[in-house]
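Whatever order the structure lists them in is the order used to number ligands and atoms, beginning at 1. Computed from a predicted model, the values in this text were never measured in an experiment. Positions are given from 1 along the sequence.
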Amino acid sequence: MDIIRTVEWMKQVARAARSEGRILGFVPTMGALHEGHLSLVRAAQLQCRPVVVSIFVNPIQFGPGEDFERYPRQFERDCALLESLAVDYLFAPEAGELYPAGFRTYVHVEGLSERLEGRSRPGHFRGVATVVLKLLEIVQPTFAYFGRKDAQQARIVRQMVADLNLDTQIQVSPIVREPDGLAMSSRNAYLQGAERQAATALFRALTAARREIEAGERDALRLVAAMRAVLDREPLVATDYAEIVDADTFEPVLRLRSTCLALVAAFVGNTRLIDNMVIGPVDDELKVEI
Ligand code: PAF
């Protein structure tokens with residue numbers, strides 16, 4: 001696996017692959033790789049060759065007081081994992097390579113960026129959209145792979161790609177979970193002792209909503225109440241939001257009619273976690289598991 005540190009070198013490699021008619025796959029990450037990331041790499045390898053993975057802890061998607069400084073950085077371990085999967089290229093630029101002095105251009109996807117994660121983390125999606133656009137412009141992959149744990153991020157990236165007429169297809173892969181249901185996340189590494197067990201409350205809240213739906217409940221407020229009841233029972237958990245939204249618009253719904261997402265965000269101790277589940281009929285566009 002070649003480790004590429006500069007934008008110019010990455011562009012050259014990608015250009016060469018495209019000129020040979022190859023189908024380039026791209027998996028953007030912030031490192032601290034786990035099985036969720038590896039599932040994206042495997043999905044890419046089924047469709048593409050070569051596959052480029054990026055590791056870049058993007059400073060502009062973290063707000064003041066968030067965990068940019070302490071975000072887990074495990075470069076050697078990540079490289080070994082990617083080598084073991086026979087990934088072709090790792091793009092790992094320094095911050096100054098993507099944001100040189102004088103950088104001034106940011107991307108904002110209106111509407112979708114303001115709710116849920118966007119409301120709790122102002123500026124987060126501006127940082128995500130900006131770095132994803134830059135990475136897609138540098139690599140120009142045929143396919144780029146995102147995890148559905150960050151469902152709102154995936155929706156925003158799809159919207160940006162459509163709006164800006166980018167020649168990349170966005171593929172969204174199912175959430176990968178620990179055996180007890182906790183969604184895999186690099187931030188799970190922060191969870192200490194009892195917090196790890198308490199963190200399963202997010203998944204338990206989502207499954208409580210799904211159980212209600214299976215029992216015939218269609219009223220979104222009652223489903224939200226069922227989720228909140230599970231979260232509120234955990235003393236170590238402080239709920240940020242629990243919502244049922246339309247899977248396309250991310251606007252709250254009153255009744256389940258179309259494909260919806262149940263979304264939760266909560267602090268477990270100092271660690272902020274998110275999770276979601278598709279509820280209602282499956283929409284192929286979202287490539288969901290149900
Ligand atoms: O999901 C992530 O890890 C990040 O938000 C991404 C897409 C790599 C952009 O920094």
Side-chain angles (χ1 to χ4, degrees), residues 4 7 10 25-41 43-44 51-63 66-75 77-78 81-82 87 89-99 103 105-109 112-113 116-118 120-139 141 143-161 164 166 168-176 183-190 263 265 271-276 287:
I4 299 180
V7 168
M10 187 65 253
F26 178 51
V27 183
T29 83
M30 298 205 299
L33 302 179
H34 51 67
E35 198 46 47
H37 296 114
L38 303 186
S39 75
L40 300 181
V41 171
V51 168
V52 179
V53 174
S54 66
I55 294 182
F56 180 67
V57 185
N58 176 33
I60 68 166
Q61 71 186 72
F62 292 80
E66 289 190 351
D67 58 344
F68 174 66
E69 302 298 341
R70 72 170 185 136
Y71 195 83
R73 289 162 172 88
Q74 311 171 343
F75 193 70
R77 185 182 161 276
D78 289 347
L81 280 171
L82 296 175
V87 164
Y89 299 104
L90 169 59
F91 180 43
E94 294 296 332
E97 187 67 16
L98 287 191
Y99 304 117
F103 182 86
T105 305
Y106 296 86
V107 182
H108 177 66
V109 179
L112 289 168
S113 299
L116 301 157
E117 284 305 282
S120 298
R121 305 183 64 191
H124 170 64
F125 286 125
R126 174 186 191 251
V128 169
T130 302
V131 81
V132 171
L133 178 61
K134 282 175 71 72
L135 293 167
L136 293 181
E137 279 296 330
I138 294 163
V139 180
F143 295 101
Y145 298 81
F146 292 81
R148 196 171 51 73
K149 186 177 77 65
D150 297 298
Q152 193 178 3
Q153 165 175 283
R155 178 68 187 85
I156 285 169
V157 168
R158 266 189 203 284
Q159 187 69 42
M160 176 182 76
V161 163
L164 300 181
L166 303 186
T168 296
Q169 284 183 48
I170 302 303
Q171 306 284 59
V172 181
S173 291
I175 298 175
V176 179
M184 294 219 178
S185 161
S186 305
R187 291 189 169 96
N188 292 351
Y190 300 148
L263 299 134
T271 306
R272 189 170 181 284
L273 299 175
I274 59 173
D275 199 352
N276 68 81
K287 298 271 190 305

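- If you number the atoms of ligand 1 from 1 as listed, the ones under 4.0 Å from a heavy atom of Val131 come out as 9 (C), 10 (O).
- Taken from CG in Leu133 to CG in Leu166, the straight-line distance is 6.0 Å, to the nearest 0.5 Å.
- A distance of 5.0 Å separates CZ of Phe146 from CD1 of Ile170, quoted to the nearest 0.5 Å.
- Ligand 1 places these atoms under 4.0 Å from at least one heavy atom of Gln61: 4 (C), 5 (O), 9 (C), 10 (O).
- Looking at Tyr71 and Asn58, their side chains never bring a donor and an acceptor atom within 3.5 Å of each other.
- Without hydrogens or angle criteria, Asp78 side chain to Arg73 main chain gives no donor-acceptor distance under 3.5 Å.
- The pair Lys134-Glu97 does not meet the salt-bridge criterion, since no charged nitrogen lies less than 4.0 angstrom from a carboxylate oxygen.
- Heavy-atom proximity to Thr29, at under 4.0 Å, picks out these atoms of ligand 1: 8 (C).
- Each of the following atoms of ligand 1 lies closer than 4.0 Å to a heavy atom of Gln153: 1 (O), 2 (C), 4 (C), 5 (O), 7 (C).
- At the top of the distance list for atom 3 (O) of ligand 1, counting protein heavy atoms only, stands Met30 CG, 3.6 Å.
- Considering backbone and side-chain atoms together, Asn58 places no N or O closer than 3.5 Å to any N or O of ligand 1.
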